[in-house]
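Take a look at the structure below.
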Number of protein chains: 2
Amino acid sequence: MREFKRKSRVLLVDDNADHLRGIKELVTLEGCYDVVGTTTSANVAINLIKKYRPDIVLMDINMPEKDGLQAIQEIEKLGLDTRVIALSGYDDADLIFRAMKIGAKGYVLKTMASAQLIYAIDEVAAGKVYLPSALSSRFFEYFQRSFKNEAVVSDEENLLTYLTSREEEVLELLTQGNNYKGIAGKLFISETTVKTHVNNIFQKLQVNDRTQAVLYAINNGFGNRKRSKVAV
Amino acid sequence: MREFKRKSRVLLVDDNADHLRGIKELVTLEGCYDVVGTTTSANVAINLIKKYRPDIVLMDINMPEKDGLQAIQEIEKLGLDTRVIALSGYDDADLIFRAMKIGAKGYVLKTMASAQLIYAIDEVAAGKVYLPSALSSRFFEYFQRSFKNEAVVSDEENLLTYLTSREEEVLELLTQGNNYKGIAGKLFISETTVKTHVNNIFQKLQVNDRTQAVLYAINNGFGNRKRSKVAV
DNA sequence: TTCGTTCTAAATCTTTAGATTGATAAAATA
DNA sequence: TATTTTATCAATCTAAAGATTTAGAACGAA
């Protein structure tokens with residue numbers, strides 16, 4: 001499949017010049033890539049990217065001077081079609097998670113076989129996001145751990161379950177920043193009725209004012225359950 | 001490697017009885033699994049899990065009566081060592097994301113080759129989290145998209161950047177549900193000073209009351225930036 | 001020194017929020 | 001049928017929130 005496509009244009013970034021040469025040799029030998037540049041500096045890399053618009057950037061993220069993750073973030077902000085693969089010496093779950101979060105399209109360890117790197121480039125060049133199976137597993141462990149606290153909260157202890165549907169409507173509007181008058185207008189009921197509902201909500205959620213009610217709602221999976229938390 | 005380990009005990013759940021038989025045959029023929037039970041009902045499945053404590057559960061998540069995702073969530077809440085693999089007919093990114101979020105250790109399409117399913121069981125039984133490469137790619141696209149809005153928000157448009165450090169302290173206490181008196185006590189300043197700060201915060205955030213201020217803070221990356229949003 | 005910012009504070013005032021009590025009617029449930 | 005829950009509304013009252021103005025002290029920058 002690969003031989004039918006135009007050559008992917010690749011930029012290599014690694015603060016270790018020796019390693020940089022090694023990668024260049026490896027990628028060049030493969031034959032189906034144009035290495036448009038190599039650099040040991042993240043800052044230079046960003047300028048090169050603006051100039052040459054490579055398809056793929058292999059970015060070492062364990063660099064002393066400038067953080068590779070930060071560089072990736074800046075590249076993503078440019079809004080180009082350039083896709084970045086993070087190169088790292090560590091399979092640390094937190095590093096992997098952060099890299100993928102900020103938009104890296106792949107994450108490959110330096111210790112992995114060169115065939116693995118080439119495969120990653122191919123996959124990412126084809127528009128996919130690629131994580132080797134071993135790293136993918138680490139990522140998901142981290143990912144699931146970050147949701148576990150939330151799951152505990154959403155137990156039967158959730159006071160929101162005691163609210164009537166009307167009270168939920170009122171709380172929904174409260175969490176949008178409405179005052180009594182606003183809620184009354186939107187629900188076509190009187191302001192005093194709204195006050196009654198709000199007071200009942202306070203009782204059920206065991207809070208003293210609307211701010212606390214809104215905070216409780218947000219922290220306990222209110223808001224169409226469309227919003228969740230991930231520790232980052 | 002597989003032949004050195006004890007047989008993994010597997011429970012199969014699928015509302016389609018025919019498909020259930022097919023999977024059972026497939027898994028049984030493999031020889032290194034004990035199928036401890038099969039059922040077409042998610043509710044029955046949960047009871048079976050409590051009784052037999054299987055190592056692996058293959059759970060169809062596209063069932064009419066009870067939602068498979070909900071079943072997985074309930075299983076996770078049991079806190080057992082049972083690891084659930086989601087079986088689905090759809091490679092919908094949202095479905096994959098939700099399944100992994102609630103704790104599924106794998107996600108396999110029914111249309112995939114049987115070898116793929118066996119491989120997934122092996123990986124998950126070995127303690128890993130496994131997503132086939134194609135689904136992993138979809139997951140990450142969804143995952144990264146969910147973080148993109150956040151990145152846009154955290155630009156220079158964030159009104160929070162205009163707050164002084166003292167105002168940030170006050171806002172922080174506001175987002176914890178404190179009233180004027182509480183904030184005054186905690187910052188060792190008078191209540192009127194707090195009011196001044198709060199009023200200045202309102203001006204800068206362009207809101208009218210504390211609830212709106214708190215909502216703005218939460219939705220724009222306040223709170224040590226330890227909390228992020230993922231659309232689920 | 002002068003200027004701007006920030007933090008502090010008070011006084012005054014209006015508006016909103018919240019507590020409490022009591023009441024009616026429909027709807028669900030026992 | 002009797003009872004409970006829910007939704008609606010009113011009146012009253014206190015407490016809290018918020019708007020506005022004014023101003024002193026500290027600090028750093030021009």
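Every chain is numbered from 1 and lettered A, B, ... according to where its sequence line falls, protein lines coming before strand lines. Values reported hereafter were calculated over all heavy atoms of this structure, with side chains retained and with hydrogens, waters and symmetry mates removed.
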Problem set entry | Nearest-nucleotide pick for Phe202(B), side chain only, options being dA19(D), dT8(C), dA16(D) | dA19(D)
Problem set entry | Nearest listed nucleotide, side chain of Lys195(B), among dT16(C), dA17(D), dA11(D) | dA17(D)
For this session: Evaluate the ring planes of Phe139(A) and Phe143(A), with Trp represented by its six-membered ring, and classify them as parallel (under 30°), tilted (30 to 60°) or perpendicular (over 60°).
Result: parallel
Exercise. When you match Val198(B) and Thr193(A) each to their closest nucleotide on DNA chain D, which lands nearer the 5' end?
Worked result: Thr193(A)
Problem set entry | Sub-4.5 Å side-chain heavy-atom contact between Tyr90(B) and Asn62(B) | yes
For this session: Round to the nearest Å and state the distance from Ile189(B) atom CD1 to dT6(C) atom P.
Result: 16 Å
Exercise. Within a radius of less than 6.0 Å around CD of Glu25(B), do more than 12 heavy atoms belonging to other residues, nucleotides or ligands occur?
Worked result: no
Exercise. Hey, what do you get for CD1 (Ile183(A)) to OG1 (Thr193(A)), rounding to the nearest 0.5 Å?
Worked result: 12.0 Å
Problem set entry | Distance in angstrom units between Lys181(A) NZ and dG18(C) C1', rounded | 17 Å
For this session: Round to the nearest Å and state the distance from Asn200(B) atom CG to dG18(D) atom P.
Result: 14 Å
Seminar exercise, completed: Out of dA9(C), dG18(D), dC7(C), minimum distance to the side chain of Ser190(B) belongs to dA9(C)
For this session: Could you tell me whether the phosphate oxygens of dA10(D), OP1 or OP2, come under 4.0 Å of any side-chain nitrogen or oxygen in Thr192(A)?
Result: yes
For this session: When you get a sec, tell me which of dT6(D), dC9(D), dA17(D) is the closest nucleotide to the side chain of Thr196(A)?
Result: dC9(D)
Problem set entry | Spacing of His197(B) atom NE2 relative to dA10(C) atom C1', expressed in whole Å | 14 Å
Exercise. What is the distance from CG of Asn179(A) to P of dG18(C), rounded to the nearest Å?
Worked result: 11 Å
Exercise. So, is the end of the Arg210(A) side chain (NZ or CZ) under 6.0 Å from the ring centre of Tyr180(A) and within 45° of the ring's axis?
Worked result: yes
For this session: Taking only the side-chain heavy atoms of Tyr180(A) (C-beta and beyond), determine which of dA17(D), dA17(C), dA10(C) contains the nearest atom.
Result: dA17(C)
Problem set entry | Leu171(B) CG - dT6(C) P separation (whole Å) | 16 Å
For this session: Using atom CG of Asn199(B) as one end and atom P of dA10(C) as the other, report the distance to the nearest whole Å.
Result: 16 Å
Exercise. With sugar-phosphate meaning primed atoms plus P, OP1 and OP2, does Ser165(A) contact a base, only sugar-phosphate, or nothing at under 4.0 Å between heavy atoms?
Worked result: sugar-phosphate
Seminar exercise, completed: Glu191(A) CD to dA17(C) C1', in whole Å, measures 10 Å
